[in-house]
Each structure stands twice: as C-alpha cells, then as structure tokens.
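Since we're looking at a predicted model, the values are computed, not measured. Labels below follow one simple rule: chain letters A, B, ... track the order of the sequence lines, proteins then strands, and each chain is numbered from 1.
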Number of protein chains: 2
Amino acid sequence: MTSSDRYGPTRMKDVASAAGVSMTTVSLVLNDKAVGIPAETKQRVLDAAAALGYRPNALAANLRTRTSDTIGFVSDTIATTPYAGAMIQGAQDAAWKAGKLILTINTNGDPAVEAYALNALLGRQVEGIVYAAMYHQMIEVPAAAKEVPLVLLDARSADSEIPSVVPDERGGAYEATSHLISHGHKRIGFLKNTASVPAANERLEGYREALEANAIAFDGELVVAGDSGLAGGYAAAMALLVEPHRPTGLFCFNDAMAAGAARAAHELNLRIPDDLSLVGFDNLELVAPFTNPPLTTMQLPHYEMGVWAVEQLINRIDGEDFSVFHQRMQCPLVERASVGPPPTRT
Amino acid sequence: MTSSDRYGPTRMKDVASAAGVSMTTVSLVLNDKAVGIPAETKQRVLDAAAALGYRPNALAANLRTRTSDTIGFVSDTIATTPYAGAMIQGAQDAAWKAGKLILTINTNGDPAVEAYALNALLGRQVEGIVYAAMYHQMIEVPAAAKEVPLVLLDARSADSEIPSVVPDERGGAYEATSHLISHGHKRIGFLKNTASVPAANERLEGYREALEANAIAFDGELVVAGDSGLAGGYAAAMALLVEPHRPTGLFCFNDAMAAGAARAAHELNLRIPDDLSLVGFDNLELVAPFTNPPLTTMQLPHYEMGVWAVEQLINRIDGEDFSVFHQRMQCPLVERASVGPPPTRT
DNA sequence: TCCGGTTGATAAATCGGTTTAGTGAATCGG
DNA sequence: CCGATTCACTAAACCGATTTATCAACCGGA
C-alpha cells in the first residue's frame, strides 16, 4: 500500500512521497526549521510521518551533521563498588537532559581493552568522554582520549588541563571532626587506612585542620592505621580504646572501619554514643543506616559528581565554558545516632 | 602535507590516495576481505592508514551496512540497588566479547521517559534491547521495544514470547533450607517479607518443598512476615525466638532481614550458630561478609544473568537460537559461619 | 509590459564509508 | 595464436539523512 514496496522501515523518502512533497520539505518540517512552509503543508507532512510510523535514522542524520549526540563513559571497574550506580545515574540524568545518550564501557583496568575501547568510542564519533574511576585516584589518560573533550570523574590526572571532579575529602574530614568537636569532644581519634590513596591523606589533613581550628593539639598517638575493611577498623579501634586515656570520639576513614570500631566498642562494653562517639565516611547505603546505632557519616557525592562531569563535558562540547578545571564536590554530613556528647568523665 | 588540505580527521579517501589505490581497495584491506590483493599492496594500505592515524567512521559504515554493533540497555532504576553493577558488568562483558557496544538508559520508571528512550535507541539502530529490572518482577514491555530482538533481565513479562532470565528463587530457597536440614535442623523458620513480589512467593515455595522432601512437616507458625529491611527481620525473628519451642534455624528472605534476626538473637543472648543458625539471601557484598558471625547466604547471580541476557540477545540478533525462552539462573550457596548443628536440646 | 522581490518548494550535492559490477592486462589451455 | 580465465584493481551506486543552490509562480509597482 505504501508508495515503494520495499522491505524495511519507512524512510524519509517514503514520508515525502506520501505527503506529496520533497525530502527537503520533510526534513525541514520534522526538524522545526520550516521557516517558510505554510501550516497546511506542514500538517500534511506530520500526518504522513505519523501514519507511516516514521522514525528518523539517527545514524544517517549524524553522519551528515557530523555529530552523534553520544558521549562515552569509560570506567575502570563497575561492579566491584557500590558507588558506581549513583555516579552513572548522575551522568545519565545530566546527559539525558542535554538530549545525549551514553555509551558505556568498562575496561577492568586492562590497558589493552582500554585502548580498544577508546577506539571503538571515537570511531562512533562520541562527542566527549567521561573517564571514571570508582574511587578517588590519580590516573593516566591515554592520548587517544584527548582527541575529544574529556572530563575525569572521581579521579585526577597529572595533566592539569583535564577537568576533573573528586569528593572534597579534606572538607568532609574537617566537617566530620568538627561535628565531634561541636558535641564537646576533645580527645578524638582518627582511624586511618594503610593504603596510600588521595582520600587517606586528605582526610587526615582535614582532621588535623579541624583540630587546629579549634585549638586542640594534634596527638599522633590518636591516629591508628588499619586496613580499610571491618577487621582493620576493629583492630585499630581496639588499640585506641584499651588505652587508659582513650578517645571519646572516633573519626573513621570509612564506614566499614567504623563498623569495626563499633564492634570493638561493644566488646569493651562501651556504649555508642554514650561512651564513644563515631563518625564514618562514605555513607554506604546498606551499612551505615543499619549499624547499631545507625552511623553518623559523611556522604560521598557520587550522584552529584556524575552530574557535574557530564554537564562540564557538555559545556566543553558546546564550546561554552572552559573555566573550571578542577572541582571538589562537597561531602555532606549525614547525622544518625552514633554521635553524642562525651561521657562526663573520660 | 596530506593529499587534501582539508580540516578534520583523515578519511578513507585520504588513505586511498596516500597509498595510491582506490577506496575500494582500502575498504577491502582494512576489513580483511582482501581476497585477491597481493601482500605488497595490502601492506602499502596498512602503512598509509597507520601513518595518517586513520580511524574509520563507524557511523558511515553502519549506515551502509545497516548494522550498528550496538545494543540498548534499558533499566527502570540503576542507582538505588547495589545489584545493578554486577548485572551491567555481565552484560557489558558479553557484549564486548561479541564486539558490540552498549547504550544505557535508565528510565526511573517513568513511562514517558521510557517511550522517549526507546525511540532514541531505535533511532540509533540498536540491534537489540536488554530490558532490565533491578529486582525480579513482572513488567509490561512497550510495543516499540519489540521492534528489535528483546531480552528481559531480572524480570518476566506476561508475553511468553519474550525471553527472560531471572534468579531461580525457588531453587535457591530449596538449597538454603536443605543446607539447614543437612546440618541436622528440624525446626526451621522462614522470615518472609510482606511485599508480594515473585521472589517472596517462590522462596516460600522452595522452603516448603525442601521441608517436604525431607519429611519435615510444614508449620505455618514458623513463617513470619516482616518488611524486607533490617527492622522487619528483627521484629519477625523476635516473634519466633521468644517462643518456648523456638526454631533452631532461620531461613531469611534476604540478608538485611537476616542481619535483623542476628540482632534479635544477640539481644536474647542466643549465640550464632551455636544456639541459632541463619541463612540469608542476596549475598550483599557489604553486609553478608561483615555480620557477626559472617552470614551464610544465597548469592543472586546478577553477573551471570547479565551475561546470559546479552548472549541470548546476540543469538537472536544473529538469527541463530530461538529455543530458550525463559531461563532461571541458579543461586549458589555461599557458606560462611552462621550455620552449625542445632543445639543438643531445643 | 517588464522588473525586482517574495513565497513555496525542490534537485542535487554531501557526509564517509561498503559493495556491486566491471575493466584492462596477464596468464592459460588447446 | 586465440578465446577463456584469473588477477589486480576501480568507478560508481548506495545507505538515509541534511543542506545548498536554484527555480517557478505570483504580486505589486513603474
């Protein structure tokens, strides 16, 4: 019944002949560039397109316009962290708002895969690339990635020309420590982790700065390192809590360590928050709310970072904004029930 | 210095004139379809392509070949569950192996977004669509999605023509219960959740079947419902454990409820696993290993489901396999330390 | 009647590849 | 030595859109 008895989806040509106009007219109408086309013709085109169930072939349009409305999302690892979801969600929401789709690839940290992946993305004419790490780290970006606008997500590069967004670790640590101080704590321990990641050093700095700002002397003995899991937190906390002059508050590198600290406290018959106050970091959605008592902690702004990265990328794609090169995203405090005033006698 | 002094990336035409051959030859060589082309010419083309840093425009190739090497991944929600990562990872790995890229969109459950998203994907000529839910559920698939091969991931549809993969809830529950039975437990409770999702009913069935298979009478009083969080598990377990003839083993709808049950046990001074054995479900990566003691639980095979979905999709795209319509993926038991023999006197 | 300007539209080039249909020269069988 | 293959390669059509350049018809004014 259609004008051409061809197998396959309807093309613009089909719409054109159905409406009795040229392809040019159809294109103009469908893209709202129909400046001099009378409403009657316009409607005829629209009707024909609807009747035929016409769906433009984006590949063809993109080829001609040399665009793709697609951005690449390259990550080293997706599955092994619970943070990934929020970051991707943020990135997608921002992309969606700008009418762009996201091509995702995760490389599992394999440089060969990475090179191949970048080629695949660039071959598909992605307009920009978000390069995401699943925890705050320094990375080296392959040269190929720099062929299009590029933004680093939860990672930084030695190349300062590449915009990046990471959590404000120092600020978060500062606020966490200040939170304890504001409740009256003076002896505050820091459970740091042994790994040498940016987060570790910066959170320690934030802790120190908060003490300093409140005229509390930094005491190296109150900083104990452990591995960043529950066991490490348990061990580190235990070391501090058995001391006679033990701290009344603990700022922990992350929620897992905080959970370990809580376990140590339970074993020592210290009640939380009555005898010991605890602040974690990360706000793990399935951990922090469910410790006993629920853990006060700092939220890692993964969603917001994802949004920022894509927005920034799109600004660069549009050639609008090149000003901000390095964003530190604030980590908000999530108050639950693990912080209270210190016990009256220490 | 190049043959054409044009701005922009090098095209096949450039490679052709650099190598002194036609575009046809270049295309043939680069796509390994060069049947009758002598090695010398082939090498000249390869060298020219390398020298110019030629990267084929996939959009153009795809337009001509009417393919896209792209599949769409539509999900209702990504961020709010910790499972998403593994599913996406599985899907990506399988896609990657087949040389395809994944366009991801999440709709947040909004039907308008969904319709728009499907149009965007189909417009980009995706070869197939994976439709993923973030927990096992029944869904209705928009008609548009059926225009290309389609596979449901962690979801089922009333339309039995659509292949789907979901966890084998019943089998998992059967194995979990059997695990308790094999340790000698006879009075086994089931903490079910109140929501009416497929997982709930099927896990209850698996529990009953395991009892039956081992000649243990089903006792409705040992099944208590609670909300699917920690609080619900706590309340439900408490109700069972204060009874004089309390169960010695508990199969819990999920790990969060199991954690709640553990908390209830602690309060009642019941030791795990000496006084009470516990099996969870989901193997939440940040919960199950860190309860005290670590929780024996059933793993949801998200990665494997992701792989299966894409493999199945690709089979259908290639027109190879249309046989399997509904896959139930086994949930393996993850043994930790929360199950032991029942106490000698109950 | 002729001219300049607007209106409403279109033919054809183009994007960058793939693929079909050939072409001219060399080789081969008889 | 001649027709038939094979070899090595290419010109041109094509995929399905966008965009440029152009055109016919009409209108008002000189």
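Note that CZ of A:R316 is 13.0 Å distant from CD1 of A:I314, once rounded to the nearest 0.5 Å. Taking OH of A:Y54 as the start and CG of A:L46 as the end, the distance is 12.5 Å to the nearest 0.5 Å.
Counting only N and O atoms by type, the side chains of A:Q125 and A:T70 include no donor and acceptor under 3.5 Å apart. A:Q89 and B:N106 form a side-chain donor-acceptor contact under 3.5 Å, judged by distance and modelled atom types alone. Looking at A:T104 and B:Q92, their side chains do bring a donor and an acceptor atom within 3.5 Å of each other. For the residue pair B:T25 and B:S22, a side-chain donor N or O sits within less than 3.5 Å of a side-chain acceptor on the partner.
Contacts between residues 24-32 of chain A and DNA chain C, defined by a heavy-atom separation below 4.0 Å, involve A:T24, A:T25, listed by number.
Seen from the ring of B:F325, B:R156 does not count as a face-on cation partner, given the 6.0 Å and 45° thresholds.
What separates CE of B:M23 from P of C:dT18 is a distance of 8 Å, to the nearest Å. Rounded to whole Å, atom C1' of C:dG8 lies 18 Å from atom NZ of A:K33. Going from atom CZ of A:R64 over to atom P of C:dC15 covers 7 Å, rounded to whole Å. Rounded to an integer number of Å, the gap from CZ of A:R44 to P of C:dT10 is 9 Å.
Mapping B:S22 and B:L63 onto DNA chain D by nearest heavy atom places B:S22 at the nucleotide closer to the 5' end. Mapping B:I37 and B:R66 onto DNA chain D by nearest heavy atom places B:I37 closer to the 5' end of the strand.
B:R55 has a carboxylate O that lies under 4.0 Å from a charged side-chain N of A:E147, or vice versa, which qualifies the two as a salt bridge. A salt bridge does not link B:R44 with B:D47: every distance from a Lys NZ or Arg NE/NH1/NH2 to an Asp or Glu carboxylate oxygen is 4.0 Å or more. Looking at B:K146 and B:E161, no side-chain N of the basic residue comes within less than 4.0 Å of a carboxylate O on the acidic one, giving no salt bridge.
Between the two ends of the helix from C:dT1-D:dA30 to C:dG30-D:dC1, each summarised by a five-pair axis, the helix axis turns through 60° (rounded to 10 degrees).
The outermost nucleotides of DNA chain D lying under 4.0 Å from heavy atoms of chain B, listed 5' to 3', are D:dA8 to D:dG16.
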